[in-house]
Novice: 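Let me give you the structure first, and then I'll get to my questions.
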2 protein chains.
Amino acid sequence: MGDTRWLSAEEMRAWNAFLAASALLNRQLEQQLKDDSGLSHPQYEILVRLSAAPDGELRMTELANGLINSKSGLTYQVTQLEKAGLVRRRTCPTDVRGVYAVLTDAGRRRLEEAAPGHVAAVRAHLIDVLTPEQITAVADGLGEVTARLRALGR
Amino acid sequence: MGDTRWLSAEEMRAWNAFLAASALLNRQLEQQLKDDSGLSHPQYEILVRLSAAPDGELRMTELANGLINSKSGLTYQVTQLEKAGLVRRRTCPTDVRGVYAVLTDAGRRRLEEAAPGHVAAVRAHLIDVLTPEQITAVADGLGEVTARLRALGR
DNA sequence: CTCAGGTAGTTCGAATTCGAACCACTTGCG
DNA sequence: CGCAAGTGGTTCGAATTCGAACTACCTGAG
């Protein structure tokens, strides 16, 4: 193919900032969660999604979709959470293959304990650093990016 | 501690978009790089930094700073790159403990081959999806986020 | 009914990650 | 000089990741 359209200085600045912020923020939050409540970030995300779902349960596939992990990664993490008693597996009545991950009471409690610290960290390191206009730009722009990437994988 | 300042709907939108975009984009680029040129994203980043450095060489520590990886992770990746002949290790003359990672000719060639496809992917999935205003907002906002997070680790 | 093809989730092995412990060296201070 | 404290990198083991193969099941066309 023809000549490459390289990134302009401004585009480069955005790309580098995004890359670095993404890596550093992840590390920071991972650390904070682990220290503070013994959960990994993926685990926390799983609990959040479950707690937001009706009856605190979701099919494995629904959890995997829109989530960071591959299917096998999800299997692994749910197993970990199950060992910790924060989640339970329940076979789907209408489809024997299907599995629901169900949030236990202990899981809901654990999430409620972990949430304030986590939210505070997200605020401190990201949200409160941005102006309201930047927040909207990020929400709109990266929202569109996400939507398109999701569309690819389907 | 007092009451938690939860995220507003708009803040939530930004945070979720950021999280998802970061994960999906990483996966996408990882895939593209691996398929296209057999490099992992971390490896590509290392080559980029080396190629931008004077004489194509940097101290291990300088590479580790500002980079995604921990020190041990860097050791691992440089070893991989060395096996592939893309990078060489050179002991620092003035400090026997110090090690330079040096880009080889093969490494520079490999990077030149890989770059166009990578840049095209970054464009397609991120840059060209954003408006110029959003690019600036991301560069400014996340740049500040990055700067603060870097300051913490020092 | 029956079989082909798709779907749900798990298992497997290989690669990569991290932090903690470790070695070897350098530096600064007496 | 001589030793305590710090630095630069590597090594180690444990945890986590992924994709590919696999098992078991459902579904629809004929």
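Sequence lines set the chain letters: A, B, ... in the order given, protein chains first and strands last, and positions in each chain run from 1. Basis for what follows: all heavy atoms, side chains included, without hydrogens, waters or symmetry-related copies. Because the structure is predicted, anything quoted here is derived from the model rather than measured.
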Novice: Once salt bridge (charged side-chain N to carboxylate O under 4.0 Å, His left out) is applied, do any residues pair with A:Glu144, and if so which ones, sequence neighbours excluded?
Specialist: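 For A:Glu144, the residues satisfying salt bridge (charged side-chain N to carboxylate O under 4.0 Å, His left out) (neighbours in sequence not counted) are A:Arg148.
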Novice: Between A:Thr104 (side chain only) and A:Gly85 (backbone N and O only), is there a donor and an acceptor less than 3.5 Å apart?
Specialist: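 Flag set: sc A:Thr104 to bb A:Gly85 pair under 3.5 Å.
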Novice: Could you give the CG-to-P distance, from A:Leu58 to C:dA8, as a whole number of Å?
Specialist: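 Distance check: A:Leu58 CG to C:dA8 P gives 14 Å.
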Novice: Residues two or more places apart in sequence or in another chain: which of them pass side-chain contact (heavy atoms from CB on, under 4.5 Å) with B:Asp95?
Specialist: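 Result, side-chain contact (heavy atoms from CB on, under 4.5 Å) vs B:Asp95: B:Arg59, B:Cys92, B:Arg97.
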Novice: Can a donor-acceptor pair be found, under 3.5 Å and without considering hydrogens, that links the side chain of A:Arg110 to the backbone of A:Ser37?
Specialist: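 Present.
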Novice: Measure the distance from CZ on B:Arg89 to P on D:dG9 and round it to the nearest whole Å.
Specialist: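 The answer, rounded to whole Å, is 10 Å.
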Novice: Report yes if a donor N or O on one partner sits less than 3.5 Å from an acceptor N or O on the other, where the partners are the side chain of B:Ser72 and the base of C:dG19; otherwise report no.
Specialist: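 Checked by distance alone, the answer is yes.
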Novice: For residues 26-38 of chain B, which residue pairs qualify under salt bridge (charged side-chain N to carboxylate O under 4.0 Å, His left out), counting only residues two or more places apart or in two chains?
Specialist: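 Output for this query is empty, none listed.
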Novice: According to salt bridge (charged side-chain N to carboxylate O under 4.0 Å, His left out), does anything in residues 68-78 of chain A pair up with another residue at least two apart or in another chain? List the pairs.
Specialist: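 Pairs touching residues 68-78 of chain A that pass the test: none.
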Novice: Whole Å only: how far is the CG atom of B:Leu74 from the P atom of D:dG9?
Specialist: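 So the two atoms are 9 Å apart, to the nearest Å.
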Novice: Which residues pass the ring-ring contact (aromatic ring centres under 6.0 Å, His included) test with A:Tyr44, sequence neighbours left out?
Specialist: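 Only A:His118 meet the ring-ring contact (aromatic ring centres under 6.0 Å, His included) criterion with A:Tyr44.
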Novice: Tracing side-chain links under 4.5 Å among I, L, V, M, F, W and Y, which residues wind up in one group with B:Tyr76?
Specialist: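 Hydrophobic cluster check, B:Tyr76: no partners found.
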Novice: Taking only nitrogen or oxygen atoms into account, show me every contact under 3.5 Å that the protein makes with nucleotides 1-8 of chain D, one pair per line with its distance.
Specialist:
residue, atom, partner, partner atom, Å
D:dG6, N2, B:Arg97, NH1, 2.9
D:dT7, O2, B:Arg97, NH1, 2.4

Novice: Quick one: salt bridge (charged side-chain N to carboxylate O under 4.0 Å, His left out) pairs with a partner in residues 124-141 of chain B, sequence neighbours left out?
Specialist: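 Only A:Arg5-B:Asp128, A:Arg13-B:Asp140, B:Arg123-B:Asp128 qualify under salt bridge (charged side-chain N to carboxylate O under 4.0 Å, His left out).
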Novice: Can you name the atoms? Protein N/O to nucleotides 13-17 of chain C N/O, anything below 3.5 Å, with the distance.
Specialist:
residue, atom, partner, partner atom, Å
C:dT16, OP2, B:Tyr76, OH, 2.5
C:dT17, OP2, B:Gln77, NE2, 2.7

Novice: Considering only nitrogen or oxygen atoms on both sides, find all protein atoms under 3.5 Å from nucleotides 1-5 of chain C and state each distance.
Specialist:
none

Novice: Who passes side chain to side chain donor-acceptor pair (under 3.5 Å) against A:Glu57, sequence neighbours left out?
Specialist: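 A:Glu57 satisfies side chain to side chain donor-acceptor pair (under 3.5 Å) with A:Arg90 once adjacent residues are dropped.
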Novice: So, OP1 or OP2 of C:dG19: does either fall under 4.0 Å of a side-chain N or O from A:Arg27?
Specialist: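 Yes, within the criterion.
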Novice: I need the full list of ring-ring contact (aromatic ring centres under 6.0 Å, His included) pairs touching residues 4-32 of chain B, with sequence neighbours left out, sorted by first then second residue.
Specialist: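 Residue pairs with at least one partner in residues 4-32 of chain B: A:Phe18-B:Phe18.
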Novice: Quick one: on DNA chain D, does B:Gln31 or B:Thr75 contact a more 5' nucleotide (nearest heavy atom)?
Specialist: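 It is B:Thr75, whose closest nucleotide lies nearer the 5' terminus.
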